[in-house]
Amino acid sequence: MAEAGTGFLEQLKSCIVWSWTYLWTLWFFIMLFLVYILRVPLKINDNLTTVSMFLNTLTPKFYVALTGTSSLISGLILIFEWWYFRKYGTSFIEQVSVSHLRPLLGGVDSSAPSAAGAAGGDADSSRQSVSECKVWRNPLNLFRGAEYNRYTWVTGREPLTYYDMNLSAQDHQTFFTCDTDHLRPADAIMQKAWRERNPQARISAAHEALELNECATAYILLAEEEATTIVEAEKLFKQALKAGEGCYRRSQQLQHHGAQYEAQHRRDTNVLVYIKRRLAMCARKLGRTREAVKMMRDLMKEFPLLSMFNIHENLLEALLELQAYADVQAVLAKYDDISLPKSATICYTAALLKARAVSDKFSPEAASRRGLSTAEMNAVEAIHRAVEFNPHVPKYLLEMKSLILPPEHILKRGDSEAIAYAFFHLQHWKRVEGALNLLHCTWEGTFRMIPYPLEKGHLFYPYPICTETADRELLPSFHEVSVYPKKELPFFILFTAGLCSFTAMLALLTHQFPELMGVFAKAFLSTLFAPLNFVMEKVESILPSSLWHQLTRI
């Protein structure tokens with residue numbers, strides 16, 4: 001019985017919600033009709049006459065006080081709404097209406113996670129406890145001496161921010177130093193060199209270390225910062241490789257003899273991996289792409305646990321340059337996994353491969369007539385997935401926004417990651433016929449799929465709201481940072497601002513021109529009620545007088 005009663009109440013509630021959702025216009029006209037019919041027993045005409053007499057006795061001071069009070073109240077609401085928006089990023093009235101009133105009226109609660117978000121939103125949702133705005137080393141970062149400094153010589157602008165370079169200095173101290181450096185004089189000098197802020201002081205320290213011993217980290221610093229071409233950098237890295245392999249073999253034999261030896265072996269491993277990776281990147285930049293691919297594959301096989309370096313992203317870019325799309329798909333199958341963190345390179349490369357299958361024959365007009373095929377739907381869904389992960393990338397790929405040199409560190413899902421991806425992958429999108437056209441036609445549809453508000457996710461965990469601040473620290477000041485979602489002013493803030501201004505203007509005009517404003521108010525009210533009076537006159541003329549008389553006597 002209880003279940004039957006509950007079911008009946010639910011049905012009754014759904015019927016009421018349905019009626020108010022679709023038949024509110026009919027309800028409105030029925031209520032107006034009943035009020036008009038019952039105007040005699042309810043003495044509506046007498047009450048209106050009394051009200052009009054009361055209004056005629058009011059002085060202009062009353063209207064000034066009324067409009068002034070309304071302006072004050074709307075101003076207070078505006079101030080509260082603005083404060084709430086600045087603190088929480090949303091309108092208080094809008095939030096209350098969406099969170100509390102909408103469910104009562106039968107609306108769908110968009111805060112509930114979708115099935116796609118639970119399954120394909122990847123296990124990223126379980127990592128929300130991790131800092132949303134963690135900064136990562138850019139897997140494709142350029143060489144300071146051979147590339148960043150050349151940009152400064154030509155343009156006079158600094159492509160790297162102090163914050164970005166400071167993060168790199170911290171990385172170098174973490175990966176290239178250890179507690180046993182004081183036992184080797186050259187390493188002790190390099191430990192101080194990585195802390196130096198002045199580039200010339202770092203370079204001088206590296207030369208000083210090389211005078212004492214063949215130091216791999218000293219060669220690394222010179223290759224990164226002193227070499228003015230990629231060819232020079234490659235030569236220095238080859239010398240670093242020779243020294244680094246010797247240190248690695250020696251520390252490998254002693255790694256189990258104590259904690260200090262373990263730390264030293266870990267440091268030597270990091271140095272060796274860094275050198276081999278940069279050598280592969282040099283080969284890629286010098287046009288020896290197949291050699292670079294082989295070096296990256298060998299490095300990933302030799303050190304499979306060092307996934308934090310994201311070497312697979314270098315490999316994906318090199319394979320795309322070779323147009324080895326089957327190999328790209330094989331790499332994606334391994335790294336585009338639910339349990340692994342995503343990146344713009346992973347998501348947009350997957351979208352590019354699916355777009356490649358249909359983009360050469362895709363036409364928006366034909367698709368609108370016949371609908372999307374299965375392959376086209378898969379490509380569009382892949383693009384939507386990529387855009388939801390990082391919404392800044394399409395404007396760079398479509399050249400709606402100019403590119404700059406990528407920073408040494410990136411923020412995943414941020415503008416810095418979008419720049420780093422588009423800087424190296426724009427050529428690969430251009431090479432696939434029709435891929436950019438398909439992206440242009442479909443990428444904005446992503447935002448219609450994401451639940452309201454925009455901060456809530458669809459396929460991924462909610463977009464972090466702290467990306468703008470971090471990107472402004474990572475990117476140079478001359479670059480206009482992309483912001484998503486844009487914190488546009490909510491409707492209720494604009495509404496209260498307009499209401500406050502309008503009522504304040506009415507108060508001022510009423511105080512200055514009371515008679516003229518009275519005439520204006522009467523004309524406005526008569527114009528407002530003119531359609532209703534016209535409808536009532538037509539109803540009286542159409543209905544028979546006897547029926548109308550009986551209805552008024554009810």
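Atoms considered below: every heavy atom in the structure, side chains included; atoms not considered: hydrogens, waters and symmetry mates. All of these numbers come straight from a predicted model, not from anything done at the bench.
- Side-chain contact of Y148 with E225: a donor-acceptor pair under 3.5 Å is absent, judged by distance alone.
- Looking at E317 and H428, their side chains do bring a donor and an acceptor atom within 3.5 Å of each other.
- Cation-pi geometry between K192 and W194 is not met: the NZ or CZ atom fails to fall both under 6.0 Å from the ring centre and inside 45° of the normal.
- The aromatic rings of F176 and Y274 stand perpendicular to each other, their planes meeting at an angle above 60°, with 30° marking the opposite boundary.
- Other residues, nucleotides and ligands place more than 12 heavy atoms under 6.0 Å from the NZ atom of K401.
- The stretch residues 153-178 participates, sequence neighbours left out, in these salt bridge (charged side-chain N to carboxylate O under 4.0 Å, His left out) pairs: R137-D171.
- Between H409 and Y163, the ring centre distance reaches or exceeds 6.0 Å.
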Item to complete: Check the pair E313 / S343 against side-chain hydrogen bond (donor to acceptor under 3.5 Å, both in side chains), numbers first and verdict last.
Response: CA-CA 9 Å; E313 297 196 11; S343 66; 2.9 Å; yes

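- For R150, the CZ atom sits in a loose shell: 12 or fewer heavy atoms of surrounding residues, nucleotides or ligands are nearer than 6.0 Å.
- Outside the 6.0 Å centre-distance limit, the rings of Y219 and F237 are not counted as a close aromatic pair.
- Partner of L397 under the side-chain contact (heavy atoms from CB on, under 4.5 Å) criterion, chosen from L352, L436, L403: L436.
- Side-chain contact of H479 with D415: a donor-acceptor pair under 3.5 Å is present, judged by distance alone.
- Cation-pi check for R277 over F303 is not met; the charged atom does not lie both under 6.0 angstrom from the ring centroid and within 45 degrees of its normal.
- For N141 and E408, the side-chain atoms include no donor-acceptor pair closer than 3.5 Å.
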Worksheet item: Is there a side-chain hydrogen bond (donor to acceptor under 3.5 Å, both in side chains) between E226 and H207 once you walk through the steps?
Response: CA-CA 11 Å; E226 187 181 44; H207 283 293; 3.1 Å; yes

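- Q191 and T177 form no side-chain donor-acceptor contact under 3.5 Å, judged by distance and modelled atom types alone.
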